[in-house]
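The shown structure was predicted, so the numbers you read here are calculated from the model rather than taken from an experiment.
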Amino acid sequence: MKSAFWNPSNLPRRSLVVALVATSLLAGCGFKLRGSQNFAFSSIAIQPDPGGAVVQELRRSFGGTVQVLSTDVPVAQAQVVLKILGEQREKVVVGVNSSGQVLEFQLRLRVRFRLDTPQGKELIAENEIMQQREVSYSESAALAKETEMANLYVDMERDIAQQIQRRLAAVKQFQ
C-alpha cells in the first residue's frame with residue numbers, strides 16, 4: 001500500500017507546504033535585516049583631525065546619511081561632535097615554541113570616544129571599544145603574515161567604526 005504523502009504527484013504540494021511553514025517560522029522569530037542607520041542628527045564633526053585609521057573609516061562610512069563636516073569648518077556648525085580620544089594598536093605575543101620563536105600573536109585595537117553637542121553637553125560618555133584577533137606566525141612566511149596582520153587591523157577598524165555608528169544611532173535627542 002502506497003502512502004499518499006510520498007506519492008510523486010504530491011511533490012509540488014509538499015514543497016509549497018514546506019516553504020510556507022519555513023516562511024512562517026522565520027517571520028515569527030522576529031528576524032529582520034539590519035538596514036541602514038537612522039540618526040537623530042544630520043551633521044557631525046569628527047575630532048581630532050583625520051589622522052587615525054578609525055577616523056578615516058568613520059568619515060567614509062557615514063556616506064550620504066549624515067553630513068560629515070570637513071576639518072576647516074567650525075565645530076559650532078555641526079549638530080553633534082564625535083571626539084576620538086584615543087586609538088591604540090597592540091601586538092602581543094601569546095604563543096612561543098620551545099626554542100623561544102613566536103608562534104602566535106594577538107592583535108588588539110582600542111578606540112576611546114565620546115559624543116557631545118557643540119555647546120559641550122555630553123550625549124555619550126567616554127566609552128571604549130576593543131577588538132582583538134589572533135594570528136599564527138611563521139618566520140618563513142614573515143612577509144605574508146605581516147600583510148595578514150595589516151588586513152586584520154583594517155577589518156577591526158571597520159568593525160569599530162560600525163559599532164560607533166550603532167551607538168550614535170541610539171542617540172535620540174541631542175538638543
Side-chain angles (χ1 to χ4, degrees), residues 26-27 29-95 102 104-138 141-175:
L26 194 59
C29 75
F31 175 78
K32 180 183 169 190
L33 292 174
R34 186 174 298 161
S36 63
Q37 302 287 346
N38 294 322
F39 299 100
F41 49 88
S42 60
S43 64
I44 187 170
I46 301 176
Q47 295 181 333
D49 293 339
V54 174
V55 171
Q56 292 174 356
E57 183 62 35
L58 277 166
R59 288 183 175 281
R60 251 192 318 272
S61 64
F62 273 110
T65 58
V66 173
Q67 178 188 9
V68 181
L69 300 181
S70 64
T71 56
D72 58 341
V73 175
V75 174
Q77 292 185 7
Q79 291 179 313
V80 294
V81 179
L82 176 64
K83 296 179 180 177
I84 304 297
L85 305 172
E87 182 177 326
Q88 180 181 4
R89 290 179 175 218
E90 300 173 1
K91 183 168 134 180
V92 180
V93 175
V94 292
V102 175
E104 191 172 6
F105 285 111
Q106 185 176 67
L107 307 177
R108 297 182 192 144
L109 180 59
R110 298 173 192 267
V111 176
R112 290 182 313 114
F113 69 97
R114 64 182 283 161
L115 185 70
D116 296 329
T117 63
Q119 296 78 27
K121 179 183 174 190
E122 184 177 89
L123 299 173
I124 297 178
E126 185 175 322
N127 217 316
E128 181 179 274
I129 297 177
M130 184 183 85
Q131 288 277 316
Q132 63 185 30
R133 304 283 193 275
E134 292 188 5
V135 61
S136 62
Y137 185 76
S138 171
L143 186 58
K145 288 299 180 177
E146 290 299 321
T147 303
E148 181 182 359
M149 287 184 230
N151 288 337
L152 286 172
Y153 275 120
V154 168
D155 183 47
M156 288 188 284
E157 291 159 4
R158 284 189 190 125
D159 284 351
I160 287 176
Q162 288 174 0
Q163 287 184 41
I164 290 173
Q165 280 193 321
R166 285 193 293 273
R167 292 183 190 190
L168 296 179
V171 172
K172 298 301 176 198
Q173 288 185 329
F174 59 90
Q175 298 292 344

Start with the C-alpha gap between Leu123 and Val80, add the side-chain angles, then the distance that decides, and say whether side-chain contact (heavy atoms from CB on, under 4.5 Å) holds.
CA-CA 9 Å; Leu123 299 173; Val80 294; 3.6 Å; yes

Which residues pass the side-chain contact (heavy atoms from CB on, under 4.5 Å) test with [X], not counting sequence neighbours?
{"X": "Asp159", "result": "Gln131, Arg133, Asp155, Gln162"}
{"X": "Arg158", "result": "Glu57, Val154"}
{"X": "Val93", "result": "Val96, Val102, Phe105"}
{"X": "Ala150", "result": "none"}

Can you tell me how far [atom2] of [Y] sits from [atom1] of [X], rounded to the nearest 0.5 angstrom?
{"X": "Leu107", "Y": "Asn151", "atom1": "CG", "atom2": "CG", "value": "11.0 Å"}
{"X": "Leu152", "Y": "Lys91", "atom1": "CG", "atom2": "NZ", "value": "11.5 Å"}
{"X": "Phe41", "Y": "Gln67", "atom1": "CZ", "atom2": "CD", "value": "12.5 Å"}
{"X": "Glu122", "Y": "Thr117", "atom1": "CD", "atom2": "OG1", "value": "10.0 Å"}
{"X": "Phe62", "Y": "Leu168", "atom1": "CZ", "atom2": "CG", "value": "5.0 Å"}
{"X": "Leu109", "Y": "Gln132", "atom1": "CG", "atom2": "CD", "value": "11.0 Å"}

Shortest non-hydrogen contact from Val135 to Met149?
CG1-CG, 3.9 Å

Minimum heavy-atom distance Pro118-Ala78, with the two atoms named:
CG-O, 2.8 Å

Tell me, with the steps shown, if Phe113 and Val54 meet side-chain contact (heavy atoms from CB on, under 4.5 Å).
CA-CA 11 Å; Phe113 69 97; Val54 174; over 6 Å; no

Using the salt bridge (charged side-chain N to carboxylate O under 4.0 Å, His left out) rule, collect all pairs that involve residues 71-80, keeping only residues at least two apart or in two chains.
none

Taking the side chain as everything from C-beta on, heavy atoms only, tell me whether [X] gets closer than 4.5 Å to [Y].
{"X": "Val111", "Y": "Glu128", "answer": "no"}
{"X": "Leu82", "Y": "Gln47", "answer": "no"}
{"X": "Val171", "Y": "Phe39", "answer": "no"}
{"X": "Thr71", "Y": "Arg59", "answer": "yes"}
{"X": "Glu90", "Y": "Gln88", "answer": "yes"}

Go through the structure and list residues passing side chain to side chain donor-acceptor pair (under 3.5 Å) with [X], not counting sequence neighbours.
{"X": "Glu146", "result": "none"}
{"X": "Ser43", "result": "none"}
{"X": "Lys83", "result": "Asp116"}
{"X": "Glu126", "result": "Arg112"}

Do Glu104 and Gln106 pair up side chain to side chain, a donor and an acceptor below 3.5 Å, judged on atom types alone?
no

Basic-acidic side-chain contact under 4.0 Å: Arg110, Glu87:
no

Sidechain N-carboxylate O distance under 4.0 Å for Glu157, Arg89
yes

Has the side chain of Lys172 got a donor or acceptor atom that lies under 3.5 Å from a matching backbone atom of Ala169?
yes

Please check: side-chain N/O of Gln79 versus main-chain N/O of Ser42, any donor-acceptor pairing under 3.5 Å?
yes

Test side-chain contact (heavy atoms from CB on, under 4.5 Å) on Arg114 and Asn127; report intermediate values, then the result.
CA-CA 6 Å; Arg114 64 182 283 161; Asn127 217 316; over 6 Å; no

Where at least one partner belongs to residues 148-167, residue pairs that pass ring pair (Phe, Tyr, Trp, His ring centres under 6.0 Å), sequence neighbours excluded:
none

Got a sec, which pairs hit ring pair (Phe, Tyr, Trp, His ring centres under 6.0 Å) with one end in residues 68-90, sequence neighbours left out?
none

In chain order, what residues pass the salt bridge (Lys or Arg N to Asp or Glu O under 4.0 Å) check against Glu148, with sequence neighbours excluded?
Lys145

